[in-house]
2 protein chains.
Amino acid sequence: MKQSSNVPAFLSKLWMLVKETHTNEFITWSQNGQSFLVLDEQRFAKEILPKYFKHNNMASFVRQLNMYGFCKVIHIDSGVVKQERDGPVEFQNPYFKQGQEDLLENIKRKVSSSKPEENKIRQEDLTKIISSAQKVQIKEETIESRLSELKSENKSLWKEVSELRAKHAQQQQVIRKIVQFIVTLVQNNQLVSLKRKRPLLLNTDGAQKKNLFQHIVKEPTSKSLRSGLNMYIFIKMMNYLF
Amino acid sequence: MKQSSNVPAFLSKLWMLVKETHTNEFITWSQNGQSFLVLDEQRFAKEILPKYFKHNNMASFVRQLNMYGFCKVIHIDSGVVKQERDGPVEFQNPYFKQGQEDLLENIKRKVSSSKPEENKIRQEDLTKIISSAQKVQIKEETIESRLSELKSENKSLWKEVSELRAKHAQQQQVIRKIVQFIVTLVQNNQLVSLKRKRPLLLNTDGAQKKNLFQHIVKEPTSKSLRSGLNMYIFIKMMNYLF
DNA sequence: GGTTCTAGAACC
DNA sequence: GGTTCTAGAACC
């Protein structure tokens, strides 16, 4: 089989109508066979149409033609649209040509009302967009909240760091003063009464600790430690401390 | 003047067509005067229409009727739509009633193609929505970035706080050890050689400082300070420090 | 997929 | 605002 089963009823009937000679008084091919003409619209509608279709309205016939992609051919005379009254009506479709019945299968009926779907899709899309926008907004609010918390925490932390640094500096000062106080005591020979003889430890492992001492005591300790005895007391204390 | 100047040409012509007796063969009021009938559509279109309008097409006439809110009246017989072939066509409009010409001014022509505007508005709205969504997204990214920075800063701060606290505790320990060391020295009477007699200051203003001492020295200082002389040295040191 | 009524849109 | 061609949409 060729295409007859694939062609809608309307196209088959139209093809027959245009081709059949006994209807050529009302509907026939145009001179070049590229379109067809309806010669007497009123009689065609009332006498011919009901023989092929379930109506006798030209409007319904035209609706079907448009449905299948047929367009009315506008006649132009010298650049001016000239639609002569009661003249023939001409319709054309790129796949409706005289002698080329095989082209009919290319004519497709336009899908019925795709717009509702499009509108629905648009509404769905809008709904999705709005929904996701709300989610983004909520997320943003959450982040803003978290940001606010972090800022607050940060502020507290900076404050604590500042206070701790101050405390640290203060304690450093306290330690320095304590050591200086002891050094002063030693320098004033208030501990001379202690007469024990012990080896000077500074020469053995004091080198490493000297830096630590100097870091704490502004005054160089060397002056303070002339006496081996004072040095002994001092080193004992430092060993005790660090 | 009443309403004649406010009524569109089509409505005036239609009113005239329906009212005039010489056209009643083709177009006239229905029996109850609530609608009008076109009795012979084909002859009406070809013979009457061109006398009143610039065409002879029933379709154009119907298009205008729809444009002005007229609706075709469907005839129903015993629950079934019965559109008798070649029967009269009936149209109705709530403001087109026999004998009530004053109602005509209420009939408004439907606005021409409001849909393009709606579509444009929709597109504009969509554009705005998308634009604002992008802005929100950019804002969110900025906030996320700021949040990340803050988190990082926060982490560093927590680390520094931790370190400072440790340092503080360590220094506190150092100070405590220093003081304990000195107290030990005093307890061992290594400073007994200093024989100066001085009043005991503790009784005068030592009360406030006692707490401070106890805070630093774990061992109660009272035991360590049995000797007035040792007490003197200790207080001197504490005065020096704080 | 066919028929009908109404509306959109371009052009006048 | 009017006319024309085409399309939407409901109903069959």
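Chain letters run A, B, ... following the sequence lines, proteins first, then strands; residues in each count from 1. Computation of the quantities below employed the complete heavy-atom set of this structure, encompassing side-chain atoms and omitting hydrogens, waters and symmetry-equivalent molecules.
Here C/dT4 presents its P atom at 9 Å from NZ of A/Lys54, a figure rounded to the nearest Å. Protein atom CZ of B/Arg63 is 7 Å distant from nucleotide atom P of C/dA7, rounded to whole Å. In this structure, CD of B/Gln64 is placed 17 Å from P of C/dA9, rounded to the nearest angstrom. Nucleotide D/dC5 holds its P atom 19 Å from the CE atom of A/Met67, rounded to whole Å. Counting to the nearest Å, the C1' atom of C/dG2 and the OH atom of A/Tyr52 are 18 Å from each other. B/Leu65 places its CG atom 11 Å from the P atom of D/dT3, with the value rounded to the nearest Å. As a whole-Å value, the separation of A/His55 NE2 from D/dC12 P is 17 Å. Rounded to an integer number of Å, the gap from B/Ile74 CD1 to D/dC12 P is 11 Å.
Relative to the axis of its first five pairs, the axis of the last five pairs of the helix from C/dG1-D/dC12 to C/dC12-D/dG1 sits at 20°, rounded to 10 degrees.
Of the listed residues (A/Phe96, A/Tyr95, A/Phe10), just one forms a ring-ring contact (aromatic ring centres under 6.0 Å, His included) with A/Phe70, and that residue is A/Phe96.
A/Arg109 has a side-chain polar atom (N or O) that falls below the 4.0 Å cut-off from OP1 or OP2 of C/dG2. Close to C/dT3, at under 4.0 Å from its OP1 or OP2, lies no side-chain N or O of A/Asn57. For A/Lys72 and D/dC5, the shortest distance from a side-chain N or O to OP1 or OP2 is below 4.0 Å. For B/Lys110 and C/dA7, the shortest distance from a side-chain N or O to OP1 or OP2 is below 4.0 Å. Under 4.0 angstrom from either OP1 or OP2 of D/dC5 there lies no side-chain N or O belonging to A/Asn66.
The aromatic rings of A/Phe53 and A/Phe61 are tilted relative to each other, their planes meeting at an angle between 30° and 60°. Ring orientation note: the planes of A/Trp15 and A/Trp29 are nearly perpendicular, at an angle over 60° on the 30°/60° scale.
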Yes or no on side-chain contact (heavy atoms from CB on, under 4.5 Å) for A/Arg109 and A/Gln64, after CA distance, side-chain angles and deciding distance? CA-CA 9 Å; A/Arg109 192 179 197 266; A/Gln64 280 286 65; 3.7 Å; yes

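Within 4.0 Å of A/Tyr68, counting heavy atoms only, lie sugar-phosphate atoms of the nucleic acid but no base atom.
A 6.0 Å sphere centred on NZ of A/Lys167 holds no more than 12 heavy atoms belonging to other residues, nucleotides or ligands.
The shortest distance between side-chain heavy atoms of A/Met58 and A/Val38 falls below 4.5 Å.
Nearest heavy-atom pair across A/Lys19 and A/Asn24 is O-OD1, 4.3 Å.
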